[in-house]
Amino acid sequence: MEYISTRGSAPALDFEGATLAGLANDGGLYVPSEWPRFSRDEIAAMAGLPYAVLAQRIMQPFVGDSLTQERLLELTTAAYGRFAHKAVTPLKQFDEQQWLLELFHGPTLAFKDVALQLLGLLFEEFLGRSDQNLTIVGATSGDTGSAAIDAVAGRAKVDIFMLHPKGRVSDVQRRQMTTMLAPNVHNIAIDGSFDDAQAMVKRMFNDQAMTSRFTIGAVNSINWARLMAQVVYYFAAALQLGAPHRPVAFSVPTGNFGDVFAGYVAAQMGLPIERLIVATNVNDILHRALSTGDYSAGTVTPTAAPSMDIQVSSNFERLLFDLNGRDGAAMAAQMAGFETTKAMTLTNAQREGAAALLTSARVDPDEMANSIRWAWEAAGELIDPHTAIGLHAARAAGLPAGVPVVTLATAHPAKFPDAVERATGHRPGLPDRIGDLFEREERCDELPGTYDAVAAYVAQRATPKA
Ligand SMILES: *Cc1c(COP(=O)(O)O)cnc(C)c1O
């Protein structure tokens, strides 16, 4: 399988190349040159497969020659063997129509483990084939950082530099990053917001002085391999609910548009998806874009669902590219306009193409809290604020009876105990596997919110190209 950039001018790469590159060098994002498709019979034959086997089947067409079937299965078995539930992503039922897909049984309690546990192994595999080192630079509003650090801590040939906005991630989120003491892990708290941190990371990918000395890699969901790994649980859930014989809808708490884009990919591959509900909090750029065509960034409002406090959704570009006839030059022009004015209008083809599968919803803080309460009172389930936003949108979507609606549970409630306790009066406890988090030693450096300070810090500590 070949990977091409959404902006049309970066060189095409194979899966190994796209995984190590992260962002394309024309500023675009890598996407497969075509969507592999499974027939109805092929999908039906996947029912009941163990998760790691299903993962190998779904991902092999994307991986192509970069890994043999046997090797890919070894990697999926190792990655998903670290999950605390045998089903990896178990499904729970709320009522006749509403279901919950628990994606938080990995080591750091958020869905990002599903993709990052595999990505850490892919990095190690591909770097082992050459004398290359990889310098991973990432920005996190909380969950990506801990999941990425857990996935690469102690791995050979990789250094990770993770920026988080100082004082703006929860104590659990911070400690999950800063208590990882492996020498290849570098935590940086910057004076600034998540968007500031993300802008610095993007700048470093385009900074010749850095890219000529270091091979810089990405763990944010601009990395295609992450989205690929997330396609698997859409299949896993739909198969359990009767696909391909019955269509299923999904409601996805959305920030950077990575998770819901994986659902879009599953649909392109032949999975019968009735609707994808894009649930946002009050940081609603995606809801405005999908409902009115206006994609314009405002300022970020902090909420109880911080992993969705995002104004610029990187992966939206992948959708817009696919819906605009995959015209890289047109996409480059559209994004150049957005980068100067922080606003753009979707084309008719983009609006109509999106509307065929996607519905959006904006969920305010009261609706979020009511949704946490409903899950507790109706089903005895404690759910986290991100999941609650998805569940509210799922229940409000008015889908036909008989269509199961699956809300993606993106974080364990214990990651956000204050919001859960305020809504229900019950404080969720940390699972045993990380129960001693608050006793562990922390290590983190603080830097001013300037690009130069961060670049100098990385340059001093990273391993230069051979
Ligand atoms: C990252 C994250 C999201 C948003 O996912 P995207 O792929 O960025 O849209 C939602 N909920 C939680 C808990 C997250 O960690």
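Computation of the quantities below employed the complete heavy-atom set of this structure, encompassing side-chain atoms and omitting hydrogens, waters and symmetry-equivalent molecules. Start at 1 and go down the list; that is how both ligands and their atoms are numbered. Along the sequence shown, the residues carry numbers beginning at 1.
Less than 4.0 angstrom separates some heavy atom of Thr254 from each of these atoms of ligand 1: 9 (O). Residue-ligand proximity, Gly258 to ligand 1, at heavy-atom distances under 4.0 Å covers atoms 6 (P), 7 (O), 9 (O). If you number the atoms of ligand 1 from 1 as listed, the ones under 4.0 Å from a heavy atom of Asp143 come out as 12 (C), 13 (C), 14 (C), 15 (O).
The shortest N/O to N/O separation between Gln230 and ligand 1 does not fall below 3.5 Å. Among the atoms of Asp384, none of the N or O lies under 3.5 angstrom from an N or O of ligand 1. Annotation: Thr410 places an N or O atom under 3.5 Å from an N or O atom of ligand 1; distance criterion only. Inclusion of His386 in the set of residues having an N or O under 3.5 Å from an N or O of ligand 1 is not warranted. By the 3.5 Å distance cut-off applied to N or O atoms, Ala110 is not counted among the residues near ligand 1.
Ring pair His426/Trp376 is tilted by interplanar angle, where 30° to 60° counts as tilted.
Ion pairing between Asp26 and Arg7 fails under the 4.0 Å rule for side-chain N and carboxylate O.
Under the 3.5 Å distance criterion, the side-chain polar atoms of Asp284 are left unmatched by any main-chain donor or acceptor of Thr280. A donor-acceptor pair is defined here as one N or O able to donate and one able to accept, closer than 3.5 Å; no such pair exists between the side chain of Thr407 and the backbone of Leu100. Although no hydrogens or angles enter the test, the distance criterion places no donor-acceptor pair under 3.5 Å between the side chain of Tyr264 and the main chain of Ala354.
At the shortest separation from atom 10 (C) of ligand 1 among protein heavy atoms lies Pro253 O, 3.6 Å. Annotation: atom 6 (P) of ligand 1 to nearest protein heavy atom, Asn256 N, 3.6 Å. For atom 4 (C) of ligand 1, the closest non-hydrogen atom of the protein is Gly255 N, 3.6 Å. Looking at atom 7 (O) of ligand 1, its nearest protein heavy atom turns out to be Asp259 N, 2.9 Å.
Across the listed options Lys415, Lys112, Met308, Arg226, Lys112 owns the non-hydrogen atom lying nearest to atom 14 (C) of ligand 1. Here the shortest heavy-atom distance to atom 3 (C) of ligand 1, taken over Phe257, Phe104, Phe111, belongs to Phe111.
Both cation-pi conditions hold for Arg326 and Trp35: the charged atom is under 6.0 angstrom from the six-membered ring centre and inside a 45 degree cone around its axis. Geometric assessment of Lys342 against the ring of Phe338 yields a positive cation-pi assignment under the 6.0 Å and 45° thresholds.
In this structure, the ring of Phe104 has its center no less than 6.0 angstrom from the ring center of Phe111.
Nearest heavy atom pair, residue Ala411 against residue Asp384, reads O-OD1, 3.5 Å.
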